[in-house]
Every structure is written in structure tokens, then in C-alpha cells.
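Reminder, nothing fancy here: chain letters follow the sequence lines and each chain counts from 1.
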Amino acid sequence: MIAMGDIYDNVMELARRRGFIWPSAEVYGAVAGFIDYGPLGAMMKRRVENLWRDFYIIREGYYEIECPTVGTEAIYVASGHVKGFADKMILCPHCGEYARADHIAEAHGSENAATLSKEALARVIQELPCPACEEQIGSTEVFEFNLMFETTIGPGSQRKGYLRPETAQGIFTDFARLLRFYRNKLPFGAVQIGKSYRNEISPRQGVIRLREFSQAEAEIFVHPEEKEHPTFGTYADYRVPLLGIEQQEKGREPVVATMREAVDAGLVANEYVAYYVALTHDFMVHSGVDPAKMRFRQHLPDERAHYAEDCWDAEIHSGRFGWVETVGIADRTDYDLRAHAGHSGDSFTVFVPYDGVRYETRTRIVPDMGVLGPKYRGKAKAIADALADADPGEDGVEVTVDGERIFIPADTYEVREEEVEVRGEEVMPHVIEPSYGIDRIFYSILEHTYDEEIVEGEIRRVLRLPPGIAPVQVAVFPLMTRDGLDAIARDIVQTLSGRGVLTQYDDNGAIGRRYRRQDEIGTPFAVTVDYETKDDRTVTVRDRDTMQQIRCGIDDLPVMLASLLDGSIEFNALVQ
RNA sequence: GCAUCGAUGGUCUAGUGGCAUGACUUUGGCCUUCCAAGCCAAUAGCCCGGGUUCAAUUCCCGGUCGAUGCACCA
């Protein structure tokens with residue numbers, strides 16, 4: 001590798017020129033935070049997503065669902081996004097800068113300023129200095145800026161809707177149906193890949209912070225007391241660099257540990273979190289992310305959501321942006337399900353049977369409705385319900401019905417000790433959530449696989465993409481566009497594409513130029529038809545990374561290329 | 001969003017108050033028996049809106065996008 005200028009500029013220049021990433025709707029003036037994936041970009045992104053599907057759907061067995069990107073207000077009130085995503089902000093009247101009003105207040109001693117009303121907050125900060133220009137803020141309006149895009153549903157009704165800020169909520173709101181689909185057994189999980197939207201105040205950093213972005217999320221529902229992953233063995237010995245809270249506080253380097261060690265040492269909260277840390281690492285390496293530029297950083301207590309038991313971010317190092325969070329893996333406990341249960345009134349629990357039947361003695365209060373009915377009339381039912389939960393004294397019990405306190409004498413009910421059969425319990429599952437930012441992974445792959453080298457005085461630009469995600473897998477060239485070489489090449493293209501290989505034909509310009517073109521878009525292999533082909537039906541297969549060639553019979557091509565593409569043989573092994 | 005700087009064919013770039021450079025790429029042709037060779041030709045551009053001016057890509061104002069700093073940011 002040779003010294004490069006700014007890698008971001010080089011990568012993005014290539015990405016634009018060759019049709020990976022374009023500014024969106026350029027003809028009308030692009031808007032920050034939105035991008036188009038061009039022909040090769042869309043293909044490659046889809047292949048990255050499909051690789052993700054291999055890991056989560058095929059291997060883990062979590063089915064994919066697809067929910068709307070528009071959701072009603074109720075969903076996001078329950079999820080906490082209506083409140084939690086709304087920042088109370090001010091526009092400084094002196095310098096015109098935006099600032100978080102609650103941050104200003106808290107910096108000067110007010111506690112829990114975020115919970116104050118807009119008006120109260122405006123009063124508090126009136127006499128405080130603006131963080132940008134230091135002028136006393138004075139009288140100004142505090143307004144809420146919500147990161148969610150708002151819309152209305154239907155004409156006239158003005159029913160408020162939001163574009164989803166994450167794909168996860170769709171899985172939570174489908175919980176009951178998913179539970180039934182998975183035949184009422186924990187653990188189970190569902191995944192979703194799709195667009196999410198956040199109206200960022202000031203998106204910078206190109207594709208790193210977008211207003212419309214692609215997420216791949218898995219929500220895995222587990223028993224709160226059983227956080228041992230059933231196939232933990234797969235990754236027990238897998239080593240990953242872990243930057244835990246302790247390492248961060250002491251300014252240390254990440255610890256490279258196996259997942260078994262990490263869990264045993266208490267570095268990672270449980271097997272589930274550790275398992276997905278390792279799986280994420282595995283997935284990223286398969287995608288083309290450089291393992292040397294990847295680490296997992298644990299959320300510090302003050303950045304972790306209050307409900308989360310543990311949270312690790314997969315961070316990828318970028319030459320331009322430094323360490324970038326690309327995946328979050330969190331044990332969210334039962335926060336989400338509890339929130340939706342509370343707001344919707346539906347059940348978000350799973351009935352978990354015991355191994356056998358258990359017998360428990362329960363105290364039951366049986367009211368004598370023959371007395372209570374005539375005496376309390378309309379209130380009798382409410383009183384009976386209240387009695388069921390009451391704790392009776394010697395001569396009676398006081399219950400509260402509609403705010404009215406009523407004393408119920410002991411002779412109007414009977415206290416029975418009963419032995420009941422208990423076959424199981426209702427459990428609200430905990431949620432393990434690996435959440436991937438696809439666009440950031442996509443960019444990281446481009447940056448990490450991008451390479452420049454000098455070959456015979458010329459710069460050779462290569463994307464060293466894994467065959468599994470390269471947008472073109474095999475290029476086919478006739479050495480000359482005559483003497484029937486082109487016809488043979490086109491035949492080969494037909495055969496290969498018929499077998500599902502992403503193949504591209506090119507006969508334009510000198511052969512060297514064609515190799516370079518394919519290098520730039522990361523095509524792993526190139527097949528060239530030359531004059532020998534006409535004699536013995538053999539062609540050359542050229543490897544992108546080493547530029548070495550081997551000869552191979554046309555009829556052996558499909559099988560050999562398939563093995564090269566799926567990694568079951570190495571190109572080196574075929575070179576004599 | 002504020003401040004500073006920038007924006008010229010697909011890419012990189014020169015330059016200008018009056019026909020807009022050059023290179024690379026791309027396309028067609030010639031040549032060429034394996035790594036961006038050579039020759040001929042073609043395609044294609046002054047970010048958007050307003051103002052000043054006979055005339056604006058150029059000067060002015062506003063916007064958009066990008067870079068940097070500040071602020072904001074799961």
C-alpha cells in the first residue's frame with residue numbers, strides 16, 4: 001500500500017464516478033443527509049444485506065418481517081421517541097447559534113432541567129450565558145426540536161404520524177403475533193431490514209450521518225433469567241477486542257478476549273450479548289471490514305440508557321472520521337415490552353410452564369354477596385374486587401372504592417386457605433437488540449478495501465471486496481474483438497449468468513484497461529478468451545488481488561469459479 | 001444553524017466582465033496476441049435564484065452543496 005491523500009476523498013471520488021454513491025436528486029440541488037445508491041452501490045448494498053440475512057435468518061433462525069415506515073403517534077409515545085427524541089432548544093438572540101436549553105441550565109446547577117416545561121426552562125436560562133458567545137441569553141423562546149419526521153395520515157383527519165426513527169418498534173408492536181408464530185416459546189427473535197429516518201439538525205460527515213438510512217435490526221426475546229445462548233459454543237473461543245468501561249476510564253487499550261473469558265470475567269453481561277458481539281465481528285470481517293480496524297466499546301454508565309443492562313458498540317476505524325459507531329448490541333431488558341404493555345393495555349408476556357405442577361397455598365377472600373349485594377348495591381362488585389386484594393384484620397378490613405373508604409366487617413366474607421395448582425408463570429421477556437447501521441458498514445467496506453499501488457509507474461486502484469459482496473463477480477473479455485473471440489466470450493457470459501454469477505462483458509479498449517476498470521469496482525476474477533481458446537477451449541482466469549493468471553477449460557469454468565467465489569478454493573492453490 | 005473557505009464536462013483542473021483551458025475517463029474508428037501503450041475523431045461543463053451591467057461563469061446579495069471550526073448528534 002502506498003501513501004494516500006485523504007482516503008475519504010479518494011474513496012468517495014471513486015464511489016461517485018463508478019456509480020456506488022451519488023448525491024440525491026442533484027438536478028434540483030442535493031440536500032444534506034440524503035444519498036442515492038447508484039447501480040453498483042445498490043447491488044453491493046443488497047449483497048451486504050443478504051450476507052446479514054445469512055447470519056441472522058438462515059443461521060440463527062430469526063425470521064424477517066417488514067413493517068411500515070410510517071407509524072402513528074401512539075407507537076412513538078409508547079416507545080418514548082416523542083418525548084425522548086425532542087430536544088428543548090434555543091436560538092441565541094445574540095450570536096444566532098442553536099443550543100440545548102436543558103444543557104445550559106444543567107451546566108449551571110439546575111438538576112433534571114430536561115423535565116422542566118419550555119416556559120420554566122426559558123426563565124431559568126434567562127440570566128445564564130450562551131455557551132457559544134457568552135452573552136447573557138435574556139428573554140428567548142425555548143422550542144422543541146424532534147428528531148422524528150412528522151406527517152399526517154389521511155385527508156382532513158390530521159391524524160399525526162411519524163416516519164420511524166428505528167425499525168425496532170415494528171417488531172415490538174407485533175410481539176403477540178410473533179409469539180404465537182413461534183408457538184409461545186422463548187427464546188425467539190425477529191429481524192427487520194429497512195429505512196429509518198431522523199431529522200438531524202446538521203448532518204455532516206457524508207454517508208456517516210444520514211437523515212434517511214438503512215438499518216438491520218434483530219430483536220431477540222429471551223427469558224430474563226436465562227441469558228445463555230443455546231449455541232454459545234460457536235463463538236465461545238472467538239476473540240474480539242473489547243474496550244470495556246474499565247479500560248476506557250483508565251485510558252487503556254482494548255482487551256482481546258474470547259467470549260467465554262469475557263462472560264466469565266463479567267466484562268460482558270451475558271452470553272447473549274457476547275454471542276452477538278462475536279457474530280457481529282464475524283459478519284463484518286466477511287463483509288470486507290478490516291479486523292485490525294474494528295473494536296467493541298462498552299457504553300459508559302452515563303451514556304447507556306437507564307434501562308439497558310449492558311450495551312456494546314461495534315466501532316470501525318475510518319481514516320477520516322476516526323472510530324465510528326456502526327452497530328449497537330444492547331440488552332434492553334423488558335423496557336420496550338413494558339412500555340408497550342403499559343400504553344396499549346395488551347399483554348406482552350409469555351407463559352412459561354414449570355417442569356412439573358407446583359402447589360401453592362393462597363389466601364383467598366370470598367365475599368358473601370348475599371349480604372354485600374343488598375347493602376352496597378351498585379358498589380358491591382367493586383368492593384368484592386377490592387376485597388380480593390385486601391389484607392384483612394381481625395374484625396374486618398377497610399377498602400377504598402372510587403376514593404371512598406368503606407369498612408367491611410369480618411362476618412361478610414370468609415378467608416379461605418386454598419391449595420392451588422400452578423403450572424407456570426407469565427414472564428415478560430428481555431430483549432437483546434443488535435442494531436446495524438448498513439450505510440456506515442457500506443462506507444467502511446469501501447474505505448477498508450480501497451487500495452492503491454504502483455504498477456509499472458501507473459497507479460492501480462483496487463477495491464479488495466470479498467467475492468460475496470462484490471457487485472460484479474466475474475468479468476469476461478475477448479482479447480481481441482474479432483476472429484470469433486468475442487462470440488466465445490459472450491457465450492461464457494451467458495453460461496455464467498445462467499448460473500447466477502454476476503458477470504460483466506467488456507470488449508472496449510486495450511485488455512489492460514479493462515482489467516483496471518474491473519479492479520476499481522472490486523471484481524474478483526476476470527476471464528479472458530484468447531487465440532489459444534480457439535485451439536483447445538481454454539481461457540485464462542485472472543485474480544484481482546495478485547494479478548496472476550491460470551488457464552482453465554471453458555467447461556470447467558462454472559464449477560471452478562463457483563468454488564473460487566464461495567471461498568472453498570484459494571486462487572493460490574490453482575497456480576502451479 | 002453560525003463563522004471561514006470553496007463550487008468550471010463523468011473525474012481532476014486552468015482561466016476570464018465579451019469564442020471557456022488542459023489532462024484523464026467515456027463512445028466510435030485505426031492499430032494492438034494479456035495488465036490504463038499509440039493515432040484519428042466524437043460526446044460533454046462555468047451549482048441555483050436575484051441584482052448591477054449593453055453584456056455576469058467572473059462583481060454584489062441570498063440559497064444549496066462540500067470542507068474546517070463552534071454548536072447539535074443513537
Side-chain angles (χ1 to χ4, degrees), chain A residues 5-6 8-10 12-19 22-35 38 81 84-85 87 89-92 94-101 103-104 130-133 145 147 165-166 168 196 198-206 208-211 213 215 217 299 303-305 308 311 313 320 324-328 330 433 435-437 440 455-462 477-483 485 508-520 526-534 539-544 546-549 551:
Chain A
D6 191 319
Y8 176 82
D9 290 336
N10 292 337
M12 289 308 288
E13 186 268 319
L14 186 146
R16 267 195 303 277
R17 188 161 43 80
R18 300 309 305 269
W22 291 326
S24 191
E26 258 180 310
V27 284
Y28 291 111
V31 180
F34 297 97
I35 55 163
H81 286 98
F85 257 39
D87 298 329
M89 303 192 69
I90 57 150
L91 180 63
C92 172
H94 311 291
C95 63
E97 299 236 0
Y98 285 97
R100 285 278 295 269
H103 284 186
I104 300 174
C130 163
C133 66
F145 181 81
L147 247 32
E166 58 177 27
S196 292
R198 292 180 194 173
N199 201 0
E200 299 283 355
I201 295 167
S202 170
R204 289 269 191 95
Q205 309 171 308
I208 300 297
R209 216 161 118 222
L210 295 169
R211 287 185 166 125
F213 55 102
Q215 283 188 306
E217 294 192 294
H299 275 201
E303 66 182 315
R304 189 170 67 209
C311 184
D313 283 344
R320 164 65 71 88
V324 177
E325 175 211 335
T326 43
V327 182
E433 179 192 75
S435 169
Y436 293 64
R440 290 180 175 187
V455 176
E456 292 174 25
E458 292 271 358
I459 296 178
R460 185 171 89 109
R461 293 191 174 79
V462 197
F477 312 139
L479 188 60
M480 296 291 145
T481 319
R482 61 182 184 215
D483 306 320
L485 298 187
N508 187 284
I511 188 83
R513 182 186 302 271
R514 286 179 255 162
Y515 284 134
R516 292 294 186 273
R517 271 188 206 129
Q518 296 297 333
D519 289 341
E520 219 177 39
V527 170
T528 301
V529 174
D530 57 19
Y531 283 93
E532 259 181 84
T533 310
K534 294 184 72 169
V539 292
T540 64
V541 177
R542 179 257 199 188
D543 175 51
R544 173 196 66 201
T546 60
M547 301 199 291
Q548 284 189 297
Q549 289 177 302
R551 279 209 90 80

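Here the P atom of nucleotide B:rA74 and the CD atom of A:Gln215 are 14 Å apart, to the nearest Å. Rounded to a whole Å, the CG atom of A:Leu479 is 14 Å from the C1' atom of B:rC31. Across the protein-nucleic acid pair, A:Arg544 atom CZ and B:rA36 atom C1' stand 18 Å apart, rounded to whole Å. Counting to the nearest Å, the P atom of B:rC35 and the CD atom of A:Glu520 are 19 Å from each other. Between the OH atom of A:Tyr515 and the C1' atom of B:rC35 there is a distance of 7 Å, rounded to whole Å. A:Glu456 has its CD atom 11 Å from the C1' atom of B:rC34, to the nearest Å. Atom CZ of A:Arg517 and atom P of B:rC34 are 18 Å apart (whole Å). Straight-line distance from the CZ atom of A:Arg320 to the P atom of B:rG66: 12 Å, rounded to whole Å.
Looking at the side chain of A:Met547, the nearest of the listed nucleotides B:rC35, B:rC12, B:rA67 is B:rC35. The side chain of A:Arg209 lies closest to B:rC72, out of B:rA36, B:rC72, B:rC34. Residue A:Arg17 has its side chain nearest to B:rU11 when only B:rU11, B:rG28, B:rU33 are considered. Comparing B:rA74, B:rC34, B:rA36 against the side chain of A:Arg198 picks out B:rA74 as the nearest. If you check B:rU68, B:rU32, B:rC35 against the side chain of A:Val455, the one that comes closest is B:rC35. Comparing B:rC35, B:rU33, B:rC34 by their closest approach to the side chain of A:Met480 singles out B:rU33.
Map A:Gly33 and A:Tyr531 each onto its nearest nucleotide of RNA chain B; the residue landing nearer the 5' end is A:Tyr531. Annotation: of the two residues near RNA chain B, A:Asp530 and A:Pro203, the 5′-most nearest-nucleotide partner is A:Asp530.
With C1' as the reference atom, B:rG49 and B:rC35 are 49 Å apart, rounded to whole Å. Annotation: B:rC61 and B:rC70 have their P atoms spaced 27 Å apart (nearest Å). B:rC12 and B:rC46 have their C1' atoms separated by 15 Å, with the value rounded to a whole Å. Spacing between B:rG17 and B:rA56 at atom C1', rounded to whole Å, works out to 7 Å. A distance of about 15 Å separates the P atoms of B:rU16 and B:rC47, rounded to the whole Å. For the P atoms, the distance linking B:rA37 with B:rU4 amounts to 47 Å, nearest Å. Distance noted for atom C1' between B:rC31 and B:rG38: 8 Å (whole Å). The same atom, C1', is picked in B:rA41 and in B:rU57; the two are 28 Å apart, to the nearest Å.
At a cut-off of 3.5 angstrom, counting only N and O atoms as typed in the model, there is a donor on one side and an acceptor on the other between the side-chain of A:Arg542 and the base of B:rC35. Residue A:Arg513 places no side-chain atom within donor-acceptor reach of the base of B:rC34, judged by atom type and a 3.5 Å distance cut-off alone. Looking at A:Glu325, its side chain comes within 3.5 Å of the base of B:rA74 through a donor and an acceptor atom.
The cationic atom of A:Arg542 (NZ for Lys, CZ for Arg) lies less than 6.0 Å from the six-membered ring centre of A:Tyr515 and within 45° of the ring axis.
Dashed line: the shortest gap from a side-chain N or O of A:Asn10 to OP1 or OP2 of B:rU11 is not under 4.0 Å. One finds no side-chain N or O of A:Asn508 lying less than 4.0 angstrom from the OP1 or OP2 phosphate oxygen of B:rU26. For B:rA74, neither phosphate oxygen OP1 nor OP2 lies less than 4.0 angstrom from any side-chain nitrogen or oxygen of A:Arg440.
A distance-only check finds a donor-acceptor pair linking the side chain of A:Lys534 to the backbone of A:Asp483 [under 3.5 Å]. Without hydrogens or angle criteria, A:Arg198 side chain to A:Arg209 main chain gives no donor-acceptor distance under 3.5 Å. Judged purely by atom type and a 3.5 angstrom limit, A:Glu325 has no side-chain atom pairing as donor or acceptor with the backbone of A:Asp313. Side-chain N or O atoms of A:Arg16 include none that pairs as donor or acceptor with a backbone N or O of A:Trp22 at under 3.5 Å.
Remark: the A:Glu166 side chain and the A:Ser196 side chain contain no N/O donor-acceptor pair separated by less than 3.5 Å.
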Decide yes or no on side-chain contact (heavy atoms from CB on, under 4.5 Å) for A:Arg17 and A:Glu520, but give the supporting numbers first.
CA-CA 10 Å; A:Arg17 188 161 43 80; A:Glu520 219 177 39; 3.2 Å; yes
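Looking at heavy-atom distances under 4.0 Å, A:Glu532 makes no contact with the nucleic acid at all.
Across all strands shown, B:rA23 pairs with B:rU11; the Watson-Crick or G-U wobble distances both stay below 3.5 Å.
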